[in-house]
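Here's the structure we're looking at; comments come further down.
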Amino acid sequence: MTSIVENLPQLLKEKIREETDLELLSELVKAFQLGGASSVKTWIKVYVKQISEAES
Amino acid sequence: MKEGIRRITINGFRGVNRPIEIEMADSLFVQGPTGSGKTTILQAIEWALYGKISGFKGPGFTEEDAYVNIFSNKLEASVGIELALASGENLVVSRSRKQARKSTIGKTTLKLHANGATYSDKEAQEQIESLTGLNHERFLQAVFLHQETIRQIVEGKPGDRDTVIDQLLGTGSLREFTEALDPKRLINTEIKALKTVKERQEGEEARFEIESKLDLEDKKSKLLAQGHKERNLTLPYLDEQIEHILKKLAMLAESYDQSTQMSHKDLANAADAKVSFVKANELLRKLDRMRMKLHAEKREEIARLGTQLELYKSTRKELSTTGDASTAELDTRILKLKSSQDKARSDYRQMQRYADELEDLVDEYKRRDDLATKQEKLVEGFIIDHGNAPTLAEKLKRIENRLVEARNKFRQGSDLAQLLVTSEAYIRDKTPTECPVCAQGIEPKTVLNRLKTQNQETGQHIQEARDDITKLEKAEKRYENDRAKIESMQSEIHSLSEATKKSLEDIRRITEKRTATVEDAEKMVQESRFSMEEYGRILEGIEDELRQLENDRKSNKLLETRFRSAETELQKLLSSELFAEKLINASNEVIATTTTEIESLENNQPIDSLQKELDELANVMEYVQVVEDYETRFERESSFRVHLESIDKQITDLEELESSLKRLRDTVSEHQGELASEALDRFQSSIDNFYGDIMGHPYFRHIRIQALPTDPVTYDIKFTNDHGTVETHINTRFSTAQMNAAALSIFLAVNQSMAHTLPIIILDDPTQNMDTPHSKALAQTLSKLSKTRQLLVVTHEGEFVHNLAESLGRNIRLVKMGTWTTDGVIMV
């Protein structure tokens with residue numbers, strides 16, 4: 001049974017203008033489905049680390 | 001019976017240790033004191049259906065600790081539920097979890113039997129949610145009102161209350177998701193760190209440039225002042241100079257090698273001397289250490305030996321004065337004792353001899369006594385024989401008589417024979433007249449015959465007489481012999497009797513005398529033995545004393561030996577030290593010679609000159625190196641710029657991420673507010689009705705809930721009068737019971753309107769902060785709902801249960817629980 005969060009990318013497709021934002025939302029929703037809010041926070045933390053360590 | 005739960009079985013789950021089974025009715029009330037495990041039954045239903053319990057999450061949460069009973073031997077939690085859905089389907093759900101062990105991880109398994117099929121784990125979960133029309137979020141929204149949910153509405157902060165309302169309206173997960181999209185602090189920290197790095201690196205670069213320029217100018221002016229030409233301050237010039245110096249060094253090295261080879265022997269000698277010196281030095285140090293150690297030890301030893309020696313001397317002196325006297329006295333005593341011992345032994349031996357002789361005498365006495373007895377018996381025998389002597393005499397007499405008679409007969413026969421012979425001669429000579437017989441008037445022939453007959457008879461008589469005589473003579477001889485023998489024996493017996501009597505007398509006397517002597521002797525022997533034992537003890541004591549003295553003498557001798565040994569060792573050490581000193585002196589001489597040679601070799605003027613040149617070049621080289629570094633650093637400037645640009649890019653990316661997340665958060669939050677508003681519009685009427693039924697406020701009979709477009713979404717809850725003209729807000733005038741009623745109203749409204757196939761209302765402690773009238777009103781409200789819903793209510797209030805039972809009337813089941821123990825929940 002799908003949750004209300006799972007449908008967000010589809011429901012908000014019209015409201016989100018940036019393509020990258022929509023992709024980001026899809027990734028975050030997947031993380032939420034896996035382990036709730038803590039997974040979302042972890043995903044963002046890892047993503048931030050990837051950006052900050054990309055070129056150094 | 002209504003649709004809903006049919007049966008619940010719980011084992012090893014949370015507070016349940018021993019298995020429990022609950023048969024459901026249309027309404028089930030569980031009543032018990034706080035901590036009795038009431039809520040566990042409701043949590044078991046939630047866990048069985050969804051594998052999780054609302055509120056059980058966070059860093060301190062572990063599934064083993066939350067689900068498996070820690071007192072259970074099996075360490076396994078299992079819950080089974082039988083459901084009858086409104087769609088007509090029957091489900092049998094069983095979920096179990098084994099606790100993690102040292103070598104295994106905990107594992108949850110789920111089984112579902114529905115429509116004749118069996119499903120496991122993920123597939124079973126999907127089927128449960130699909131068939132009931134409820135996922136976990138919707139289950140908490142429309143079926144199971146947690147006591148924690150009510151508590152957060154009643155006692156929580158405004159933010160907590162908004163969260164709970166979201167949960168009841170079904171937008172709870174959106175709030176949770178929105179709140180997670182707030183990594184502002186994380187991204188800002190990272191951006192700040194990157195900016196700091198960039199600024200620091202830019203600052204370092206600028207500082208390096210300035211410092212390098214100043215340093216170069218300073219070094220250059222110094223070098224020019226030292227006489228270096230500016231054109232020579234280059235790397236090629238340095239290379240040229242270094243090459244030149246290296247050539248000079250090679251030449252010097254060659255000459256040094258030659259010199260070295262020439263003095264190789266001297267060097268070898270020096271090396272030997274050095275080795276000797278080192279060895280000697282080591283030996284000396286070693287000896288010195290040994291000497292110090294030995295001195296310390298020996299000083300102690302000598303002190304100890306001195307003490308002992310003094311003691312020994314004093315002891316010896318004492319022994320030589322008193323000990324010798326004692327010894328002499330002892331010797332005398334020993335001799336005396338030995339003499340006494342010898343005498344005692346001699347006496348003893350004498351006594352022994354006496355005793356032996358006495359024993360011989362006793363034996364002799366016994367022998368003679370036996371002989372006397374024998375003699376007496378013999379005498380008695382002879383006496384008896386002697387008694388028979390008259391018979392023998394008679395017999396002898398008769399023999400004598402018969403002998404006489406025989407002799408007479410013999411003589412008669414001889415006379416007759418003579419007569420006969422004469423007669424025969426007369427007859428033969430025919431002179432019978434002269435025949436004596438014929439003269440008797442008898443015919444000569446007759447006479448002759450008669451004579452012959454008589455002659456024959458006479459001959460027989462004679463023969464008989466002769467035989468008798470022979471016999472008698474023999475008998476007489478025997479008799480004579482016997483009589484002589486008897487007489488001899490009688491004589492002997494007599495003499496023996498006399499001797500025996502005398503001997504016995506002697507023996508008695510001797511025995512008496514000897515007995516007295518033996519007693520004396522035994523007494524003496526006994527006394528001698530006592531004396532000997534006493535002497536023996538004294539002797540042992542003396543021997544012990546002598547042995548002790550001997551031991552002391554030996555100890556003193558040992559001490560003396562050790563003392564001599566220590567002195568000898570010290571002497572050896574002293575001589576070794578002297579030897580080492582000699583060796584060191586010799587080594588010092590060799591070292592002095594070698595040092596002189598080395599100094600002569602070390603004192604090399606060309607090398608010093610080259611060193612000076614090199615030192616000067618080093619300054620130039622340092623300058624050239626700084627120039628090189630400076631140029632290299634500026635060559636790296638381009639890559640440094642690239643690096644700085646990379647940091648700029650990272651900062652930009654992070655800022656963009658932050659903006660994206662902010663936009664997403666705003667969008668999702670807006671969406672959440674829209675959904676909440678829609679839900680409230682849909683449920684508003686129903687919420688208002690439930691609130692009115694439960695609270696029955698005389699004036700503020702209506703409740704209004706509005707979602708505000710804030711970030712995050714907040715809810716404005718207010719109560720109004722019938723006309724909506726007067727209102728009061730939750731934060732200002734609401735009592736805790738009113739807030740509880742608000743939560744119940746939202747939950748019941750959603751429960752009534754949401755489409756699903758599990759028509760149950762599960763309430764955990766729903767009367768928090770309610771007084772009796774409101775508790776009763778809630779019971780009546782639930783009673784109405786129970787017509788279409790199965791009721792499962794957990795409470796500690798008996799009055800509420802009573803009110804519910806009174807309102808519902810029939811098909812009710814009440815489970816009462818006792819105080820919890822480690823054995824599990826107790827259903828009374």
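Here is the naming used below: chain letters follow the sequence lines, and residue numbers restart at 1 for every chain.
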Whatever's closer than 4.5 Å to a heavy atom in chain B on A/Ile16 counts as side chain
Turns out that what part of B/Glu670 lies under 4.5 Å from chain A's heavy atoms comes down to side chain
Requested in this report: Describe, in one word, how the ring planes of B/Phe139 and B/Phe144 are oriented to each other, choosing from parallel (under 30°), tilted (30 to 60°) and perpendicular (over 60°).
Outcome: perpendicular
Honestly, the part of B/Ile191 sitting under 4.5 Å from a heavy atom of chain A is neither
Contact between B/Leu680 and B/Tyr715 at the side-chain level, heavy atoms closer than 4.5 Å - yes or no? yes
Honestly, the part of A/Leu25 sitting under 4.5 Å from a heavy atom of chain B is both
So, the part of B/Glu137 with a heavy atom under 4.5 Å from chain A: the answer is side chain
Honestly, the part of B/Val197 sitting under 4.5 Å from a heavy atom of chain A is neither
If one checks every heavy atom of B/Glu645 against chain A at 4.5 Å, the contacting part turns out to be neither
**OP:** Just say parallel, tilted or perpendicular for the rings of B/Tyr67 and B/Trp47, cut-offs at 30° and 60°.
**Re:** tilted
_Under a plain distance cut-off of 3.5 Å, with no hydrogens placed, do B/Glu129 and B/Gln125 share a side-chain donor-acceptor pair?_
yes
- Looking only at side chains, do B/Ser660 and A/Asp21 share a donor and an acceptor under 3.5 Å apart? yes
**Prompt:** Could you go step by step and tell me if B/Leu664 and A/Leu12 meet the side chain to side chain contact (heavy atoms under 4.5 Å, CB included) rule?
**Reply:** CA-CA 9 Å; B/Leu664 286 175; A/Leu12 302 178; over 6 Å; no
In terms of side-chain heavy atoms, does B/Ser54 have a donor or acceptor partner in B/Glu46 at a distance below 3.5 Å?
no
When the 4.5 angstrom heavy-atom criterion is applied to A/Lys49 and chain B, the contacting part is side chain
When the 4.5 angstrom heavy-atom criterion is applied to B/Leu654 and chain A, the contacting part is both
